[in-house]
Amino acid sequence: MRRPALPLPRLGPWLLALWLAWAAPLAAQEPYFTQEGLNEGLDPVAESLDRDTPLATVEAFQALTRLGRYAEAAHLLNLAGLPPERQAEEGARRAELLAIVLERKVVMPWSQLTDRPDGWISGSADDNRTGRVRRSILIDTLELDRHRVPIRLNRVKPGEEASPVWLFSQQTVGNIPLLYELYGPTEIEQALPDWAKQRSHFGMYVWELLFIPLLLVLVGCVAPLVYWAFRWLARRERPDWLVVVARGFKWPATILTAALLVNFATSNVLVVTGMIDAVLSPLVLVAYVFAATMALVLVTDQLLDRISNNNPNELADPENAHLRSMATTIAAARKTIIVIAVLAAAGLVLTSIDTMHTFGFSLLASAGAVTIVLGFAAREVLGNILASVQIALNRSARIGDQLWFEGHFCTVERIHFTYVQLMIWNSNRLIVPVSYFVKDAFQNWSLEEHQQVRPIRMTLAPSARVDRMRERFAELLSREDPDQVGPMARAKVHVVGQDAFGVEVRFEVPTTNPATFWEIECRLREGLHAAARDLQEEEGRAYLPSPPADRPEG
């Protein structure tokens, strides 16, 4: 008997419900803001004034304010926050103040101001600002009382029958007096002669063409004085904390002084216009973060140098294995602090520069493609930096370790970000990329135990008595420092080969210190050679092989 088919779920109502849940918020949001009336205290708006699109509103505002027609420009502001009896006078005043603020602090984002009433803009599908109707457009944000306030255009519909228009938002109009007080012309600028207030090249004032070079000269004079002052403090011997601070803050204080001087001069002495400020503000912020990061890294570096022994000769002593580990751990901590500080500083700069519509941010953002190219080109450097941290953590080569590296007896002197500095026995330095110590093999004679067995190979005559040479070898070992040679149980003498010319004997020398075994090996080789001559004279038998006789010609 066939089982009845299960009823399929009815998907239609569910899909309709999901679509309504998604579309309801969009339908609920009108493409404009509504309010009862609009600027009732102003004279009737001229029919020629175009406020239908964002672009038309901004162009009309700039054109009217340049001509000094601030009463007409007031129609481009939403004065709903003012009583009707004050709107005529106060509206014209705020239009004038806003024009000055926009001129001095804002680079107008013309690409966002479309010539469509609905604010629709075209662009990449990845940009979440495209492909939808807008009723509010952010022009810029400015710092005010330790927080940032927006300058916006809003699409407002006054009443039921009137058409929507684009105006500077009510909140923006309310902040105009405070923004002007902060960014408007200073008393010094107002006292300048009229010729200095005239426009010149690139839309700059004449006084800016004179002020910026003078400011750079002033910074170039003051910053070196700060550097030399900290350098003088760093040369003092007491107190220690002052020396650490002076050495660590020498460059950060110089950079910070230059940034503070530029920021104060361009914000309080003479307020520069928007195009210059859009470039200076990001640079000043980067200088602040860079100085703070450098101060943290350099002061930490000075403190770590105080508590760490960086003398490779002392660290190479077998008794100082714990000091080698400590020095390497401190080196790893130093690198970790530097990497974290740099990443944190970069993140802080990227999150703090809230100037998405300014020329300054465009300069920073345009570096994105360059960053990709540089990152690909610098992959070897980045790989060495990661390898440096890896070596410091796994301690395959510690500061003070003694290595046999490509035919050289070396001591690890420094582990830098991209290379390891090795000191060869003759005091020359060998610079090796850090990545070599991660992917290639090398001999580390200080990694675990320092004890080694060094072979001395000698060829004796076939008639030589090896047992007598073994006795002389033991006698020579007994004369050496027991702290440098031992344990004696590992001292062996083996015959490892023979041929028609003689017997090859290996004398095995146990040593405890890689730093001294070479001298001991050379001294014992000389002693064994002398012992072979003495035994040859005493016993009348050959101990050293004779040179081969020349064959007669023919």
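What's counted below: heavy atoms across the whole structure, side chains too, no hydrogens, waters or symmetry copies.
- Distance alone, capped at 3.5 Å, is enough to place a donor-acceptor pair between the T512 side chain and the D483 backbone.
- Residues passing the side chain to side chain contact (heavy atoms under 4.5 Å, CB included) test with I520 are E480, Q484, V485, V509, T516, R523, L524, sequence neighbours excluded.
- To the nearest 0.5 Å, atom CG of residue L218 and atom CG of residue L261 are 5.0 Å apart.
- The side-chain heavy atoms of V412 and L403, taken from C-beta on, include a pair separated by under 4.5 Å.
- Remark: side-chain polar atoms of S267 are not paired, donor with acceptor, to backbone N or O of F264 under 3.5 angstrom.
- The nearest pair of heavy atoms linking A265 to L215 is CB-CD1, 3.6 Å.
- Separation of atoms CG (L182) and CG (L142) is listed at 8.5 Å; rounding is to 0.5 Å.
- You'll find the ring centres of W518 and F409 outside the 6.0 Å limit.
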Worksheet item: Given the rule in the side-chain contact (heavy atoms from CB on, under 4.5 Å) test, do R231 and W228 qualify, once you have shown the distances and angles that lead to the verdict?
Response: CA-CA 5 Å; R231 185 177 180 180; W228 286 107; 2.9 Å; yes
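- L270 is listed as a side-chain neighbour of W207, based on a closest heavy-atom distance under 4.5 Å.
- Counting heavy-atom neighbours within 6.0 Å of Q443 CD, excluding the residue itself, gives a total above 12.
- Taking CD of E189 as the reference point, atom CD of E187 lies at 12.0 Å (rounded to 0.5 Å).
- In terms of heavy-atom proximity, V219 sits nearest to A258 at CG1-CB, 3.5 Å.
- In this structure, E508 pairs ionically with R506, as a charged nitrogen and a carboxylate oxygen lie closer than 4.0 Å.
- The salt bridge (Lys or Arg N to Asp or Glu O under 4.0 Å) search around E539 returns R468, R541, not counting sequence neighbours.
- The two atoms that bring T257 and V222 nearest to each other are CG2-CG1, 3.9 Å, heavy atoms only.
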Item to complete: Test side-chain hydrogen bond (donor to acceptor under 3.5 Å, both in side chains) on Q112 and W110 and set out the steps.
Response: CA-CA 5 Å; Q112 303 300 318; W110 295 108; over 6 Å; no
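- Residues passing the side chain to side chain contact (heavy atoms under 4.5 Å, CB included) test with F290, sequence neighbours excluded: I255, M294.
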Fill in: V505 vs H494, side-chain contact (heavy atoms from CB on, under 4.5 Å): CA-CA, chis, key distance, verdict
CA-CA 6 Å; V505 182; H494 295 98; over 6 Å; no
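- Salt bridge annotation for E413-R429: present, with a cationic side-chain nitrogen under 4.0 angstrom from a carboxylate oxygen.
- By the 4.5 Å heavy-atom criterion applied to side chains, H408 and L430 are counted as neighbours.
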Item to complete: In sequence, state the C-alpha distance, the side-chain angles, and the governing distance for I212 and V272, and then conclude on side-chain contact (heavy atoms from CB on, under 4.5 Å).
Response: CA-CA 9 Å; I212 298 299; V272 294; 4.1 Å; yes
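- For an aromatic pair to be called close, the ring centres must be under 6.0 Å apart, and F507 with F473 satisfies this.
- No side-chain donor-acceptor contact under 3.5 Å links T459 to the backbone of V503.
- Looking only at distances, a side-chain donor or acceptor of Y183 sits under 3.5 Å from a matching main-chain atom of E143.
- Within the 4.5 Å cutoff, side-chain heavy atoms of L544 are placed close to those of Q536.
- Annotation: the span from R454 atom CZ to T511 atom OG1 amounts to 7.5 Å, rounded to 0.5 Å.
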Discussion item. Walk me through whether Y227 and W251 qualify under ring pair (Phe, Tyr, Trp, His ring centres under 6.0 Å).
Written reply: CA-CA 7 Å; Y227 175 84; W251 277 110; 4.8 Å; yes
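- Residues forming a salt bridge (Lys or Arg N to Asp or Glu O under 4.0 Å) with R525 (at least two apart in sequence, or on another chain): E521.
- The shortest distance between side-chain heavy atoms of Q452 and P510 does not fall below 4.5 Å.
- Looking at R479 and L477, their side chains never come closer than 4.5 Å, going by heavy atoms from C-beta outward.
- In terms of heavy atoms, S463 sits closest to A542 at OG-O, 2.7 Å.
- Remark: aromatic rings of Y436 and F405 are close, center separation under 6.0 Å.
- Side-chain contact check for W425 versus Q402: every heavy-atom pair is 4.5 Å or farther apart.
- Of all the heavy atoms in C410 and L422, the pair that sits closest is CB-CB, 3.9 Å.
- Not counting sequence neighbours, the partners of E538 by the salt bridge (Lys or Arg N to Asp or Glu O under 4.0 Å) test are R472.
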Item to complete: For the pair V149 and H147, evaluate side-chain contact (heavy atoms from CB on, under 4.5 Å) and give the outcome as yes or no after the intermediate values.
Response: CA-CA 7 Å; V149 297; H147 71 283; 3.4 Å; yes
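- In this structure, the side chain of D534 does not engage the main chain of E537 through any donor-acceptor pair within 3.5 Å.
- Counted within 6.0 Å of CD on E471, heavy atoms from surrounding residues, nucleotides or ligands total more than 12; the atom is thus considered enclosed.
- Residue A287 comes nearest to A259 through the heavy atom pair CB-CB, 3.7 Å, listed as atom of the first residue, atom of the second, then distance.
- Residues satisfying the salt bridge (Lys or Arg N to Asp or Glu O under 4.0 Å) test with R533, not counting sequence neighbours, are none.
- A salt bridge between D401 and R398 is present, with a side-chain N of the basic residue lying under 4.0 Å from a carboxylate O of the acidic one.
- The structure places CG of L460 at 13.0 Å from CZ of R465, a figure rounded to the nearest 0.5 Å.
- Here the straight-line distance linking atom NZ of K250 with atom CG of L298 works out to 9.0 Å at 0.5 Å rounding.
- P109 is not listed as a side-chain neighbour of D140, based on a closest heavy-atom distance of 4.5 Å or more.
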